[in-house]
Number of protein chains: 2
Amino acid sequence: MSSGHRTDSPCSAVSTLQVLSGKWKWLILYHLFQHPSLRFSELMRMIPGITQRVLTKQLRELEDEGIVQRTVYPEVPPRVEYAITPYGQSLRPILDLMHAWGLEHLRRKAERAQQEPQR
Amino acid sequence: MSSGHRTDSPCSAVSTLQVLSGKWKWLILYHLFQHPSLRFSELMRMIPGITQRVLTKQLRELEDEGIVQRTVYPEVPPRVEYAITPYGQSLRPILDLMHAWGLEHLRRKAERAQQEPQR
DNA sequence: CAGTATCCATCTTGATACTG
DNA sequence: CAGTATCAAGATGGATACTG
């Protein structure tokens with residue numbers, strides 16, 4: 001950063017986008033950021049519409065990136081908890097910024113839609 | 001932000017992700033952030049691998065979101081220039097953060113890969 | 001030059017059923 | 001409970017050819 005730009009390959013942000021790419025990933029992170037840890041079934045309930053298959057897949061991807069920690073408790077019935085890793089916490093500023101920007105953006109779109117109701 | 005979280009619907013960041021979703025969008029923005037304006041063909045040249053169809057589509061999407069301004073000069077041969085709008089500039093802090101985070105992330109992955117060469 | 005039009009390949013997501 | 005397996009649907013991107 002500092003003096004500006006062009007310090008290296010232009011593609012570094014792409015990997016960030018990739019980490020966050022996945023229809024439900026931000027929602028998953030959102031909930032995990034608000035709770036120390038959550039069980040698989042709790043996430044299912046908090047994210048209406050997601051299927052087991054997809055929730056599993058996206059959690060595994062986040063785990064592979066080191067963003068989320070998966071802990072299996074060898075009990076019967078099985079219990080698995082997910083939590084943000086310390087490293088995952090470093091994403092927080094970005095997600096906060098995106099949240100704020102997204103809010104503004106939605107507001108803007110709503111205004112535009114009002115200005116030209118029929119098109 | 002201020003006190004923390006849960007101010008509203010959890011989905012505001014999703015729209016940000018959506019604006020940036022598209023395989024080449026970040027690259028397009030990256031180049032447009034570095035130049036006051038660029039022609040279609042210049043972007044094509046700066047982004048090896050992209051096709052006309054896809055470049056057109058992603059530019060239109062960015063235009064629809066108000067991020068990019070498209071200006072047609074009625075000349076022969078036709079000239080079309082693209083530039084970041086003032087509104088689009090507001091994305092800059094996010095993209096800078098993502099750039100920095102992405103760099104760190106890639107570094108981390110490289111280290112991990114070294115630690116466990118075979119898997 | 002700056003696109004469109006078509007068609008195809010791929011990748012991601014979803015529906016549903018089954019299991020340690 | 002927390003998944004996996006299988007199959008189908010949808011969205012996204014790519015190749016190629018053509019045009020105002």
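Sequence lines set the chain letters: A, B, ... in the order given, protein chains first and strands last, and positions in each chain run from 1. Only heavy atoms go into these numbers, but all of them, side chains included; no hydrogens, no water, no symmetry mates.
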Report yes if at least one side-chain N or O of [X] is closer than 4.0 Å to OP1 or OP2 of [N]; otherwise report no.
{"X": "B:S41", "N": "C:dC1", "value": "no"}
{"X": "A:Y82", "N": "D:dC1", "value": "no"}
{"X": "B:K23", "N": "D:dG14", "value": "yes"}

Could you work out which one of [options] sits closest to the side chain of [X]?
{"X": "B:R79", "options": "D:dG13, C:dA2, D:dA2", "result": "C:dA2"}
{"X": "B:Q52", "options": "C:dG3, D:dA2, D:dG20", "result": "C:dG3"}
{"X": "B:R60", "options": "C:dT4, D:dG13, C:dA2", "result": "C:dT4"}
{"X": "A:W24", "options": "D:dT4, C:dT13, D:dC1", "result": "C:dT13"}
{"X": "B:T56", "options": "C:dT4, D:dA2, D:dA15", "result": "C:dT4"}

Starting at [atom1] of [X] and ending at [atom2] of [N], how long is that distance when rounded to a whole Å?
{"X": "A:L38", "N": "D:dA2", "atom1": "CG", "atom2": "P", "answer": "11 Å"}
{"X": "B:Q18", "N": "D:dT12", "atom1": "CD", "atom2": "P", "answer": "9 Å"}
{"X": "A:I50", "N": "D:dG3", "atom1": "CD1", "atom2": "C1'", "answer": "14 Å"}
{"X": "A:M46", "N": "D:dA2", "atom1": "CE", "atom2": "P", "answer": "14 Å"}
{"X": "B:L27", "N": "D:dG13", "atom1": "CG", "atom2": "P", "answer": "13 Å"}
{"X": "B:F40", "N": "C:dT4", "atom1": "CZ", "atom2": "P", "answer": "8 Å"}
{"X": "A:E81", "N": "D:dG3", "atom1": "CD", "atom2": "C1'", "answer": "16 Å"}
{"X": "B:E75", "N": "C:dA2", "atom1": "CD", "atom2": "C1'", "answer": "13 Å"}

Check [Y] with [X], please: is the shortest side-chain N to carboxylate O separation under 4.0 Å?
{"X": "A:E61", "Y": "A:K57", "answer": "yes"}
{"X": "B:D96", "Y": "B:R92", "answer": "yes"}
{"X": "A:K109", "Y": "A:E111", "answer": "no"}

Checklist entry - Across all strands shown, which nucleotide pairs with C:dG20 by Watson-Crick or G-U wobble geometry, both distances under 3.5 Å? => result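 Per the H-bond distance test, D:dC1.
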Next on the checklist: Donor-acceptor pair, distance only, cut-off 3.5 Å: does the side chain of B:E42 make one with the backbone of B:R39?
Outcome noted: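 Side chain of B:E42 to backbone of B:R39, a donor-acceptor pair under 3.5 Å: yes, one is there.
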Next on the checklist: Classify B:E42 by what it touches in the nucleic acid, base, sugar-phosphate, or nothing, heavy-atom distance under 4.0 Å.
Outcome noted: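 Nothing: the residue B:E42, judged by heavy atoms under 4.0 Å, touches no strand.
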Checklist entry - A:Y73 near the nucleic acid: base, sugar-phosphate alone, or nothing, with a heavy-atom cut-off under 4.0 Å? => result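 Result for A:Y73 = nothing.
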Checklist entry - Which sits closer to the 5' end of DNA chain D, A:V80 or A:R53, going by the nucleotide each is nearest to? => result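 Looking at the nearest nucleotide for each, A:V80 comes out on the 5' side.
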Checklist entry - Do B:H99 and B:Y30 meet the criterion of a side-chain donor-acceptor pair at a distance under 3.5 Å? => result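 Not at all, the side chains of B:H99 and B:Y30 share no donor-acceptor pair under 3.5 Å.
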